[in-house]
Protein chains: 2
Amino acid sequence: MRPQEFNTPVMTIPAAVAAGREIEIAQDLNLPGFVMSFAPNEEIFGEEEPTDFVYKVVSGAVRTTRFLADGRRQIDGFHLPGNVFGLERGEAHRFSAEAIGECEVALVRRRAVERAAESDVAVARRLWSLASDNLEQLQDHMLLLSRKNAAERVGAFLLELSARASSHTVELPMSRGDIADYLGLTLETVSRTFSQFARDGLIELPSPRRVVIRNASALTVS
Amino acid sequence: MRPQEFNTPVMTIPAAVAAGREIEIAQDLNLPGFVMSFAPNEEIFGEEEPTDFVYKVVSGAVRTTRFLADGRRQIDGFHLPGNVFGLERGEAHRFSAEAIGECEVALVRRRAVERAAESDVAVARRLWSLASDNLEQLQDHMLLLSRKNAAERVGAFLLELSARASSHTVELPMSRGDIADYLGLTLETVSRTFSQFARDGLIELPSPRRVVIRNASALTVS
DNA sequence: CGAGCGTTTGAACAGCGTCAAAACAAGTGG
DNA sequence: CCACTTGTTTTGACGCTGTTCAAACGCTCG
């Protein structure tokens, strides 16, 4: 969705929500922004598009993805309410972002963020902090992708979501295919691993999109 | 190698080289530091050790690594002369660093870097820049690890080294095992892929540690 | 109740890993 | 200069994990 297209009919922006307001991009960094709604699988921004905005999930869930030329897909990360995404230093996005289900996203102009960082050292350090946190997450994920087997990957994924939700019961907003592209597997392998975990009593699957973790330590590696 | 152990006999610090001097950590950021030499496979810093220093390769090559509990290893990155490594925001290193061959590394106190960033916005933004560049590299590497096959991984690796050396002839400081742990493969698969590339005329292998790239486009994916 | 999508399950296959041995390179001492 | 040692690389044979292809199942929502 390009900024120029904000007023196309497909956009559903409740007037009260879309009105300009302060968005907390980082701790102690509130900047003026606005909120937009997206339908399931709608693109929030595309690869190669200019990095005019920084985004923050208000409700729902977002995935950021990259593709190889032949269509192989990788999901870079899942973004839940409160998470910031799309903050890059280059002029063009290196990945695309899509709404997973119905969701609301807050937008802040990147220029506003950059200006704040230029005048305020504390802000600049917070941005470094943000990038570093992101970096550490990616490092953990790289270890998963390079050296863990299917069961370890799915286990780590469930524990990650459980930690982010601070709950043993996890609601999965994303499909098996999304999970597969996040973990570097196929959707069949993800599904089989879920089933196996359930048979082994490590989890319960009241429904395909709801998981209850019964034995967290058995899902852990390193 | 802990700072406390600087003067142990295993250290070989030529006096002239070890003397305090200015180190360029980032563009427009020179800070006082010193240079140390390391023997092949010697540890420069270990996981969990305090992040007291920031490092920059002067000569030779360095690998940064992470391990799973059972010993599975991942190489996070290879660092060549001019590259900065070990700059983390946390109090403890999240990975270890080892000299690949005989090498020299410049050290700068992390506190000095942090102080510079506190007083100078331009420095703080450079550090963000450094973290962002690092981030983009990792994102590319993640796509490689999650969705590319063995030939594509080895091809990308050779092209990466070729680009960093700005030459079609690449000198490999690291072993097949190191390459494997960087690419998420086994050393046998890496070796087989090298051999296959040579049979197909994509590369020449004058010696195991020297590669001449003959057909770069055939090694590329995406 | 039926259509459509997402999920699960099965069977066959293939790519990469594992295990093992041979080839090779570099250094050491006789 | 050669025999010997040690570590790295290459190659081979085989097996397993995860993929591919296909079909059945089960939600969810008209």
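None of the values given here were measured: they were computed from a predicted structure. Convention: sequence-line order gives letters A, B, ...; per-chain numbering from 1.
Taking atom CZ of residue A:R209 and atom P of nucleotide C:dG6, one finds them 8 Å apart after rounding to whole Å. Rounding to whole angstrom units, CG of residue A:D181 and P of C:dG6 are separated by 13 Å. Protein atom CG of B:L205 is 14 Å distant from nucleotide atom C1' of D:dT8, rounded to whole Å. Rounded to whole Å, atom C1' of C:dT7 lies 17 Å from atom CZ of A:R210. One can place CZ of B:F197 at 16 Å from C1' of D:dT10, the figure rounded to the nearest angstrom. Remark: P of D:dT8 and CE of B:M174 are 15 Å apart, rounded to the nearest angstrom. If you take CZ of B:F194 and C1' of D:dT9, they are 11 Å apart, rounded to a whole angstrom. Between the CG atom of A:L172 and the C1' atom of C:dG6 there is a distance of 13 Å, rounded to whole Å.
A side-chain donor-acceptor contact under 3.5 Å links A:N41 and A:R63. There is a side-chain donor-acceptor pair under 3.5 Å between B:Q196 and B:D200. For B:E171 and B:T169, the side-chain atoms include no donor-acceptor pair closer than 3.5 Å. Side chains of B:T186 and B:T189: a donor-acceptor N/O pair is present below 3.5 angstrom, by distance only. For A:H93 and A:E88, the side-chain atoms include at least one donor-acceptor pair closer than 3.5 Å. Judged by distance alone, the side chains of A:E104 and A:S59 do bring a donor and an acceptor atom under 3.5 Å apart.
DNA chain D lies under 4.0 Å from no heavy atom of any residue of residues 153-161 of chain A. Residues from residues 211-222 of chain B with heavy atoms under 4.0 angstrom of DNA chain C: there are none.
In this structure, A:F78 has its ring center under 6.0 Å from that of A:Y182. Ring centers of B:H79 and B:Y55: at least 6.0 Å apart, outside the cut-off.
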Exercise. Given A:R94 and B:D140, is the side chain to side chain contact (heavy atoms under 4.5 Å, CB included) satisfied, shown in steps?
Worked result: CA-CA 10 Å; A:R94 307 181 69 250; B:D140 290 343; 2.8 Å; yes
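The pair A:R192-A:E188 does not meet the salt-bridge criterion, since no charged nitrogen lies less than 4.0 angstrom from a carboxylate oxygen.
Contact annotation for B:S195: backbone-only contact, meaning every heavy-atom pair under 4.0 Å involves sugar-phosphate atoms and none involves a base. Backbone-only engagement by B:S175 is indicated by non-hydrogen atom pairs under 4.0 Å involving sugar-phosphate atoms exclusively.
With C:dT7, D:dT9, D:dT10 as the candidates, the nucleotide lying closest to the side chain of A:R176 is C:dT7.
Formation of a donor-acceptor pair under 3.5 Å by the B:S162 side chain with backbone atoms of B:L158 is not found in this model.
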Exercise. What string of B, S and - do you get for nucleotides 14-27 of chain D, 5' to 3', when a contact is any protein heavy atom under 4.0 Å?
Worked result: ----SBBB------
